[in-house]
Amino acid sequence: MLLLLTLALLAGPTCRAQNILGRKVGTYFYIRGEDQGEIKVIRVYLTIAKCIMGIQLQFGSHWSDVYGSNSLDYKDFQLKDGEHVIKVHGKEANCLCSLTFTTNQGTEFTFGFNRGKPFDNSGGPDKHLVTVNGMYTPHICIQGMGFKWTHGPQDVGSTQLPGNPKTSLNTSKKKKADKDKDKDDDDDNDDDDNDAPVHLQNPF
């Protein structure tokens, strides 16, 4: 029983690290906050050698904790309203050396120094980045990173499209109602004509 418990505890970090690109050593982290809103700012802290030392995300107006370590040398990538990260390109050696984020609006922003073994990651069509996880060694660098993707919300244009047929349908219904009303009016007149002889023939 004790052996099974030990294996389960050891398997936890291993399973969590399976989707991490780069080195899977060090302390595991997962940045929580996607329930606070979309990613608005990506802040990356750099080492003296310009490798990735720490990362922090702003979800809506909420800032996450710093994962890895902070430093005086950092850069912010601020996303516009409706802008989402759809692809990440990176390079890794002993540390995560660089990260390049590409958005649905064609913007690219690079953190770090362009050296090491390259990797690419995306969620596929119609998906965007919601948060990241990874492995780091405190006060040294982030050594690997994984990316969580999800389907994006409908944009304003797409949410308005279903309303167009509805407006057209309402207009058609109004025209049909007007036509039916005219028909009913004609029918009423005919009924009045048909009723007149009946009343005249009634002997009381």
Side-chain angles (χ1 to χ4, degrees), residues 12-47 49-71 73-153:
T14 303
C15 293
R16 290 181 299 182
Q18 284 181 351
N19 68 331
I20 292 175
L21 304 171
R23 299 186 68 200
K24 300 176 178 66
V25 297
T27 302
Y28 176 82
F29 71 89
Y30 179 96
I31 302 183
R32 301 191 181 279
E34 60 264 41
D35 58 332
Q36 302 287 329
E38 303 284 349
I39 295 175
K40 290 299 182 183
V41 183
I42 301 171
R43 175 174 291 176
V44 170
Y45 297 88
L46 303 171
T47 67
K50 302 299 181 184
C51 289
I52 311 299
M53 189 173 186
I55 188 168
Q56 187 177 19
L57 300 178
Q58 182 182 338
F59 301 93
S61 59
H62 169 76
W63 277 100
S64 73
D65 293 333
V66 176
Y67 291 88
S69 301
N70 58 18
S71 69
D73 186 4
Y74 67 87
K75 290 183 178 180
D76 287 349
F77 175 33
Q78 186 164 359
L79 286 81
K80 302 173 185 176
D81 290 341
E83 187 173 24
H84 307 286
V85 173
I86 59 171
K87 181 182 178 182
V88 179
H89 172 78
K91 291 196 173 181
E92 54 91 10
N94 290 329
C95 294
L96 197 57
C97 299
S98 72
L99 287 171
T100 299
F101 296 93
T102 303
T103 75
N104 58 331
Q105 296 184 8
T107 305
E108 287 189 355
F109 195 93
T110 300
F111 299 96
F113 188 71
N114 191 22
R115 65 170 179 263
K117 180 182 177 181
F119 64 81
D120 290 284
N121 194 253
S122 68
D126 303 322
K127 287 193 174 183
H128 68 268
L129 183 68
V130 289
T131 192
V132 304
N133 63 342
M135 306 291 292
Y136 71 94
T137 300
H139 309 297
I140 297 179
C141 66
I142 291 180
Q143 291 164 310
M145 192 171 289
F147 308 93
K148 181 180 176 182
W149 309 90
T150 192
H151 285 286

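Proximity of Ile142 to Tyr67: side-chain heavy atoms (C-beta onward) are nowhere separated by under 4.5 Å. Looking only at side-chain heavy atoms (C-beta outward), Phe101 and Leu129 come within less than 4.5 Å of each other. Here the side chains of Gln56 and Ile31 are not in contact, with every heavy-atom distance at 4.5 Å or above. Within the 4.5 Å cutoff, the side chain of Asp120 has heavy atoms near those of the Lys87 side chain. Looking at Arg115 and Cys51, their side chains come closer than 4.5 Å, going by heavy atoms from C-beta outward. Side-chain contact between Thr150 and His128 is present, with heavy atoms from C-beta onward closer than 4.5 Å. Looking only at side-chain heavy atoms (C-beta outward), Phe29 and Asp65 stay at 4.5 Å or farther from each other. Inter-residue side-chain proximity for Thr131 and Phe59 is flagged as met; some heavy-atom pair is nearer than 4.5 Å.
Across all non-hydrogen atoms, the minimal contact from Glu92 to Leu96 is CB-CD1, 4.0 Å. Pairing each heavy atom of Gly26 with each of Thr137, the nearest pair is CA-OG1, 4.4 Å. For the residue pair Asn133 and Met145, the shortest heavy atom distance occurs at O-CG, 3.1 Å. Residues Glu83 and Asn104 share a closest heavy-atom pair of CA-OD1, 3.4 Å.
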Could you give me the CA-CA distance, side-chain angles and deciding distance for Tyr45 and Ser69, then say whether side-chain contact (heavy atoms from CB on, under 4.5 Å) is met? CA-CA 7 Å; Tyr45 297 88; Ser69 301; over 6 Å; no
Test side-chain contact (heavy atoms from CB on, under 4.5 Å) on Phe77 and Val44 and set out the steps. CA-CA 9 Å; Phe77 175 33; Val44 170; over 6 Å; no
side-chain contact (heavy atoms from CB on, under 4.5 Å) between Ile39 and His84, worked out: CA-CA 8 Å; Ile39 295 175; His84 307 286; over 6 Å; no
Please lay out, stage by stage, how Cys95 and Cys141 fare under the test disulfide bond (SG atoms under 2.5 Å apart). CA-CA 6 Å; Cys95 294; Cys141 66; 2.0 Å; yes
Can you list the steps and then say if Gln78 with Val41 is a side-chain contact (heavy atoms from CB on, under 4.5 Å)? CA-CA 4 Å; Gln78 186 164 359; Val41 183; 4.0 Å; yes
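To the nearest 0.5 Å, atom OG of residue Ser61 and atom CD of residue Gln36 are 7.5 Å apart. Atom CG of Leu99 is separated from atom CD1 of Ile55 by 6.5 Å, given to the nearest 0.5 angstrom. Interatomic distance, CD1 of Ile140 versus OG1 of Thr47, reported as 10.5 Å (0.5 Å rounding). Of the inter-residue distances, the one linking Tyr136 atom OH with Ile52 atom CD1 reads 16.0 Å to the nearest 0.5 angstrom. Atom NZ of Lys80 sits about 5.5 Å away from atom OG1 of Thr107, to the nearest 0.5 Å. For the atom pair CE (Met135) and CD (Gln143), the distance works out to 8.0 Å, reported to the nearest 0.5 Å.
Here the two rings, on Phe111 and Phe109, have centers that are under 6.0 Å apart.
None of Val85, Asn19, Leu21 except one satisfies the side-chain contact (heavy atoms from CB on, under 4.5 Å) rule with Phe147; the exception is Leu21.
Within a 6.0 Å sphere centred on NE2 of His62, heavy atoms belonging to other residues, nucleotides or ligands number more than 12.
Looking at Lys91 and Asn114, their side chains do bring a donor and an acceptor atom within 3.5 Å of each other.
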